[in-house]
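Quick note on labels: first sequence line is chain A, next is B, and so on, each numbered from 1.
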2 protein chains.
Amino acid sequence: MDLNKIAEKIKAGLRAKEVIIVVGSMEVFYEGRASSTLGAGERLLIIKEDGSVLVHRPRGYEPVNWQPPDSKIEVGVDEGRLVVEARRVRPREVLKAVFTDVKAVLSFKLHDEAEFAMYATEEDMKRAILMEPTLIEDGFKPMESERRAGDSGFIDIFGVDREGNLVVVEIKRRNATSEDIRQLLRYVESVERELGRRPRAIIAAPGVQRSAMRELASHRVEFRCVTPRRCAEILKRGQGLERFL
Amino acid sequence: MDLNKIAEKIKAGLRAKEVIIVVGSMEVFYEGRASSTLGAGERLLIIKEDGSVLVHRPRGYEPVNWQPPDSKIEVGVDEGRLVVEARRVRPREVLKAVFTDVKAVLSFKLHDEAEFAMYATEEDMKRAILMEPTLIEDGFKPMESERRAGDSGFIDIFGVDREGNLVVVEIKRRNATSEDIRQLLRYVESVERELGRRPRAIIAAPGVQRSAMRELASHRVEFRCVTPRRCAEILKRGQGLERFL
DNA sequence: CCTTCCGTTAGGCTC
DNA sequence: GAGCCTAGCGGAAGG
């Protein structure tokens, strides 16, 4: 298939808002927030219906070059080479692929309106703890979630322990950082100002960054190991039960 | 083409370490660090020679599901549906794509050994400043780069100004945050402890986040606007000169 | 519109 | 191998 035919096929795909795949030998140039060059090699160029562009090498999960949605795409033939340019304005960026050889061109209208559902977000972890408060400790009683803490933000879970002490719980789905500890302490102080009693501070997360350990200890913040994984299981179990209710 | 033929073609591609593209209607399930499901829809499944797997919807720059390199891939036909599973062990994760319809299967051995060159990283910015110290100010003399600052980390550039004052320069290729300012101040204090003289603190970046401005002013940290773009130009100029030396 | 924060972050580098 | 930081981060949520 000659280059002009290929260019026409790509243009037709663009007009029809299809997903276009070009396989072949190309050089790639990017200029924008940074700039990069990539010498000749065989790769995949993918143009999506929304104007996203991806260049994938034969190895590695990440694209070597790309352009986000809404890029303007131009296709042409110049000195016997197929040239695909994707431009966007803010920020001003250009991605240019120059093909010296094309092994294949595919273009498909893809219909995909399905919903993507991801489990065990931080929100899910909160639901799991509310459903199973022993994740924090025996006798813990959640009272409020997303309680306003003055102008410091929102407390993930606010409750009392078995001895009636107030408890502020901060949830993270990743290892807690010193910034997270500081945030939790701001909540503690806000509650103390408001209610006149200093609450216990508990961070519920899969772990604590080494660099945050000192801050944790020195401010008497307690740590509970709670992983998104385990929370997802608890929620799944809960959903299983719901079916019988 | 029947499903068994398609499965065979994919298996052959896997054996030959080719890059495989399957276009068709599929459901996708992921279970691992998190878990997700994606209902039926037409998408792209890409398997690379190193065992990376990508699922791309017709819109958006990012894959909706993926598996990093070194995943073990199994292909089979089950109840009239093509099933592709990619597993990895650490962490334990499974990505499963179940096709109800296949529009196309491509498999290519791609040869790509070209070098990828990215310009104006933070490292490049440092080289540009060392090459052209007036980017910081007239009379600035860099003395060391990557100088150890006690246990606080490494100072990007350590030097003296025209009046003999010590200068600590912190470089960022993006707008400076308050965390960056704090880091710089830790260096300042480390130098003061070590040498008994308090150095000037300069942050060299394209800008400063609004929220970091107060910290900048109150701690007398100075700001110099230095962009990756401009640094790339300086390096390019420098390389041009090198050719004549 | 801007800023801030999260991600199955990935990937690189140091200890 | 584990911890830590950067990214052309992208994307979402909040102001």
Side-chain angles (χ1 to χ4, degrees), chain A residues 28-37 52-55 59-71 86 88 90-95 116 118-123 125 151 153-154 171-175 177-180 183 206-213 227-229 232, chain B residues 28-38 52-55 59-69 71 86 88 90-95 116-125 146 148 151 153-154 171-175 177-180 183 206-213 227-229 232:
Chain A
V28 187
F29 305 90
Y30 158 75
E31 176 89 40
R33 285 166 291 181
S35 60
S36 71
T37 60
S52 317
V53 179
L54 304 167
V55 178
R59 286 183 291 273
Y61 143 90
E62 287 188 317
V64 61
N65 283 111
W66 69 92
Q67 202 69 286
D70 300 317
S71 307
R88 81 178 172 143
R90 273 161 81 98
R92 188 169 214 87
E93 296 189 292
V94 190
L95 174 62
F116 177 69
M118 162 87 81
Y119 305 111
T121 58
E122 201 171 292
E123 179 64 26
M125 291 177 70
D151 55 358
F154 291 88
I171 302 167
K172 290 294 161 190
R173 81 185 308 286
R174 43 145 180 86
N175 287 359
T177 65
S178 33
E179 187 52 43
D180 299 331
Q183 183 64 45
V208 179
Q209 282 190 3
R210 167 111 22 154
S211 58
M213 288 299 293
T227 64
R229 186 72 174 268
Chain B
V28 187
F29 306 90
Y30 158 75
E31 176 89 40
R33 285 166 291 182
S35 60
S36 70
T37 59
L38 177 57
S52 320
V53 179
L54 303 167
V55 178
R59 286 183 291 276
Y61 143 89
E62 288 186 315
V64 60
N65 282 111
W66 68 91
Q67 201 68 286
S71 307
R88 75 178 176 144
R90 276 162 84 97
R92 188 168 213 86
E93 296 189 294
V94 190
L95 174 62
F116 178 68
M118 160 88 83
Y119 304 110
T121 57
E122 197 171 296
E123 179 63 27
D124 293 324
M125 292 176 70
E146 296 299 316
R148 166 122 233 151
D151 55 359
F154 292 87
I171 303 167
K172 290 293 161 192
R173 82 185 304 288
R174 42 146 179 85
N175 287 359
T177 66
S178 33
E179 186 53 43
D180 300 331
Q183 183 65 44
V208 179
Q209 283 190 1
R210 168 106 31 141
S211 57
M213 288 299 294
T227 64
R229 190 72 175 265

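We find that CE of B:Met125 is positioned 13 Å from P of D:dG8, with the value rounded to whole Å. When rounded to the nearest whole Å, the span between CZ of A:Phe116 and P of D:dA12 equals 12 Å. The distance from atom CG of A:Asp180 to atom C1' of C:dC6 is 11 Å, rounded to the nearest whole Å. Across the protein-nucleic acid pair, B:Leu54 atom CG and C:dT9 atom P stand 17 Å apart, rounded to whole Å.
Residue contacts shown for A:Pro91 are absent, as no nucleic acid heavy atom lies under 4.0 Å away. Note on A:Glu93: a base of the nucleic acid sits closer than 4.0 angstrom, heavy atoms only. At the heavy-atom level, A:Val94 lies nowhere under 4.0 Å from the strands shown. When heavy atoms are screened at a 4.0 angstrom cut-off, A:Gln67 is found touching base atoms of the nucleic acid.
Taking each heavy atom of A:Ser52 and B:Tyr61 in turn, the nearest pair found is OG-N, 3.7 Å. Counting all heavy atoms, side chain and backbone alike, B:Leu54 lies closest to B:Trp66 at CD2-CB, 4.1 Å. Closest heavy-atom contact between A:Asn65 and A:Tyr30: ND2-CB, 3.5 Å.
Checked by distance alone, B:Glu62 brings no side-chain donor or acceptor within 3.5 Å of a matching partner on the base of C:dG7.
You'll find that the side chain of A:Arg33 is closest to D:dG8, out of D:dG8, C:dG11, D:dG11. The nucleotide whose nearest atom lies closest to any side-chain atom of B:Asn65 is, among C:dG11, D:dG10, C:dT8, C:dT8. Ranking C:dC6, C:dT8, D:dG8 by closeness to the B:Trp66 side chain, first place goes to C:dT8.
From A:Glu31, atom CD reaches atom OG1 of A:Thr37 across 10.5 Å, with rounding to the nearest 0.5 Å. The CG atom of A:Leu95 sits 5.5 Å away from atom CD of A:Gln67, with the distance rounded to the nearest 0.5 Å.
You cannot call B:Tyr61 stacked on the base of D:dG10; the centres under 5.5 Å and planes under 30° rule is not satisfied.
Comparing D:dC5 with D:dC9, their C1' atoms are spaced 13 Å from each other, to the whole Å.
Position along DNA chain C of the nearest nucleotide to B:Leu95 versus A:Gln183 favours A:Gln183 as the more 5'-ward residue. When the nearest nucleotides of DNA chain D are assigned to A:Val64 and B:Gly60 by heavy-atom distance, the more 5′-ward of the two goes with A:Val64.
Put simply, A:Arg90 has no side-chain N or O that comes within less than 4.0 Å of OP1 or OP2 on D:dG8. Distances shown here put a side-chain N or O of B:Lys172 below 4.0 Å from the OP1 or OP2 atom of D:dT6.
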